[in-house]
Amino acid sequence: MRTPTAATVDAGPVDLATMRPTLRRQAARVVAIDERGRVLLIKAHDPARPDAGSWWELPGGGIERGESSEHACLRELHEEGGVASALMGPVIWTQHVTFDFAGWHFDQDEVIHLAEVPAGGETLGEQRLEAFEAMAFEDRRWWSCDELLAEQVATLPPRLGELLGPVVAGDVPDHPVDIG
C-alpha cells in the first residue's frame with residue numbers, strides 16, 4: 001500500500017487519503033500551579049466528533065507570529081483559563097503531536113512551560129475563547145495530582161497525572177524532557 005502524500009492548496013497542505021487540511025505549527029502549553037499545588041486543566045471535546053468523548057488538557061495553543069512561547073502561555077492562560085496573572089517559568093517538557101480537531105489535522109511541536117499562579121490568582125475569571133474553543137470547551141478547574149490519578153480521567157498528554165507529581169513536588173528538570 002502506498003503512503004498518502006500531501007498536496008498544497010490555498011487552505012494549506014491536505015492529506016490526500018482523508019482530504020483533511022493539515023495545520024503545521026509551533027505551540028505552547030502551560031502547567032499552571034496554584035499555591036495549593038493544584039494544576040489548571042481545561043475539559044474539551046472535538047465538536048466535529050462528539051461521540052469521541054472528552055478529555056482534560058493543559059491550557060495552550062498555537063504561537064502567533066513574533067510571539068514568544070512564554071507570552072503565548074500567558075495569553076492562553078488568560079483566554080482559556082481566565083487566569084489574570086502568572087509567573088512564567090522554564091520549559092519543562094516538549095512533545096511532537098499529531099491529532100484531528102474540528103475537521104483539521106494538526107501536526108505540531110509543543111513546548112510546555114511551568115508557571116506559578118500567585119496567591120489569590122487561582123480565581124478563574126472570564127474566558128475569551130475563539131469560536132472553535134467555545135464549541136469545544138466544557139469546563140475548567142484546578143486539580144490536585146491525587147485527584148487526577150484517583151479519578152483516572154482522560155488527559156492530554158495521556159500520562160499527565162504521572163508526569164505532574166514530581167513537578168508539583170518541586171522536582172523541575174534542568175533541561176526540557178521529551179514526553180512525546
Side-chain angles (χ1 to χ4, degrees), residues 23-45 54-99 101 106-130 132-134 136-149 153-180:
L23 180 58
R24 290 188 177 92
R25 67 181 188 171
Q26 300 294 310
R29 295 195 177 277
V30 58
V31 174
I33 301 175
D34 72 2
E35 67 176 340
R36 294 174 40 197
R38 300 175 303 168
V39 177
L40 179 64
L41 297 179
I42 309 293
K43 186 176 185 182
H45 70 277
S54 59
W55 60 86
W56 290 90
E57 65 182 34
L58 297 167
I63 299 172
E64 295 176 0
R65 176 165 284 148
E67 184 178 45
S68 68
S69 61
E70 294 90 346
H71 186 268
C73 286
L74 288 171
R75 177 178 49 76
E76 294 289 351
L77 263 178
H78 184 67
E79 291 173 359
E80 296 180 359
V83 174
S85 69
L87 304 171
M88 290 305 303
V91 173
I92 56 172
W93 303 326
T94 61
Q95 65 178 349
H96 177 259
V97 294
T98 58
F99 59 94
F101 180 77
F106 288 79
D107 181 349
Q108 66 188 33
D109 292 308
E110 295 183 351
V111 293
I112 304 169
H113 282 268
L114 179 62
E116 179 184 327
V117 177
E122 72 280 357
T123 300
L124 301 177
E126 180 183 349
Q127 292 172 295
R128 291 182 171 80
L129 302 175
E130 296 174 0
F132 281 125
E133 292 170 333
F137 291 173
E138 301 174 23
D139 198 5
R140 60 197 163 139
R141 68 168 269 209
W142 294 97
W143 289 81
S144 71
C145 287
D146 290 341
E147 290 172 322
L148 201 54
L149 290 170
V153 295
T155 63
L156 292 175
R159 299 177 304 123
L160 187 59
E162 299 168 32
L163 295 165
L164 285 172
V167 173
V168 170
D171 186 10
V172 178
D174 293 331
H175 302 286
V177 174
D178 183 353
I179 62 169

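The main-chain N or O of Ile42 is never found under 3.5 Å from a side-chain atom of Arg140 such that the two would form a donor-acceptor pair. In this structure, the side chain of Glu76 does not engage the main chain of Pro59 through any donor-acceptor pair within 3.5 Å. The main-chain N or O of Val30 is never found under 3.5 Å from a side-chain atom of His113 such that the two would form a donor-acceptor pair. Side chain of Glu80 to main chain of Gly60: a donor-acceptor pair is present (N/O by atom type, distance under 3.5 Å, no hydrogens or angles). Between the side chain of Arg38 and the backbone N or O of Trp142, no donor-acceptor pair lies under 3.5 Å.
With a 4.5 Å cut-off on side-chain heavy atoms, Pro176 and Val111 do not count as touching. For the pair Val83/Leu74, no side-chain contact is recorded, criterion being any heavy-atom separation below 4.5 Å from C-beta on. Here the side chains of Cys73 and Arg29 are not in contact, with every heavy-atom distance at 4.5 Å or above. Taking 4.5 Å as the limit, every side-chain heavy atom of Thr94 sits out of range of all side-chain heavy atoms of Asp109. The closest side-chain heavy-atom distance from Glu122 to Leu40 is not below 4.5 Å.
Taking 4.0 Å as the cut-off between side-chain N and carboxylate O, Glu147 and Arg141 count as a salt-bridged pair. Electrostatic pairing of Glu79 and Arg128 does not count as a salt bridge here, judged by no charged N lying under 4.0 Å from a carboxylate O. A salt bridge links Glu67 with Arg75; the closest basic N to acidic carboxylate O contact falls under 4.0 Å.
Atom CZ of Arg36 has 12 or fewer neighbouring heavy atoms from other residues, nucleotides or ligands inside a 6.0 Å radius.
Between His96 and Glu110, the side chains place no donor N or O within less than 3.5 Å of an acceptor N or O (distance only, hydrogens not considered). In this structure, a donor-acceptor pair under 3.5 Å is present between the side chains of Trp55 and Glu57.
Residues Ala84 and His78 share a closest heavy-atom pair of CA-ND1, 4.1 Å. The minimum heavy-atom distance linking Ser54 with Glu138 is given by the pair CB-OE2, 3.4 Å. Shortest non-hydrogen contact noted between Pro157 and Leu58 is CD-CD1, 4.2 Å. Summarising the geometry of Ala32 relative to Val117, their closest heavy-atom pair is CB-CG2, 4.0 Å, with the distance given to 0.1 Å.
Just one of Leu164, Leu160, Leu163 meets the side chain to side chain contact (heavy atoms under 4.5 Å, CB included) condition when paired with Cys145; it is Leu164.
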Open item on the list: Could you walk me through whether Phe99 and Asp107 satisfy the side-chain contact (heavy atoms from CB on, under 4.5 Å) test, starting with their C-alpha distance in whole Å, then the side-chain angles of each, then the deciding distance to 0.1 Å, before giving a yes or no?
Closed with: CA-CA 7 Å; Phe99 59 94; Asp107 181 349; over 6 Å; no
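Remark: Arg24 CZ to Phe106 CZ distance equals 12.5 Å, nearest 0.5 Å.
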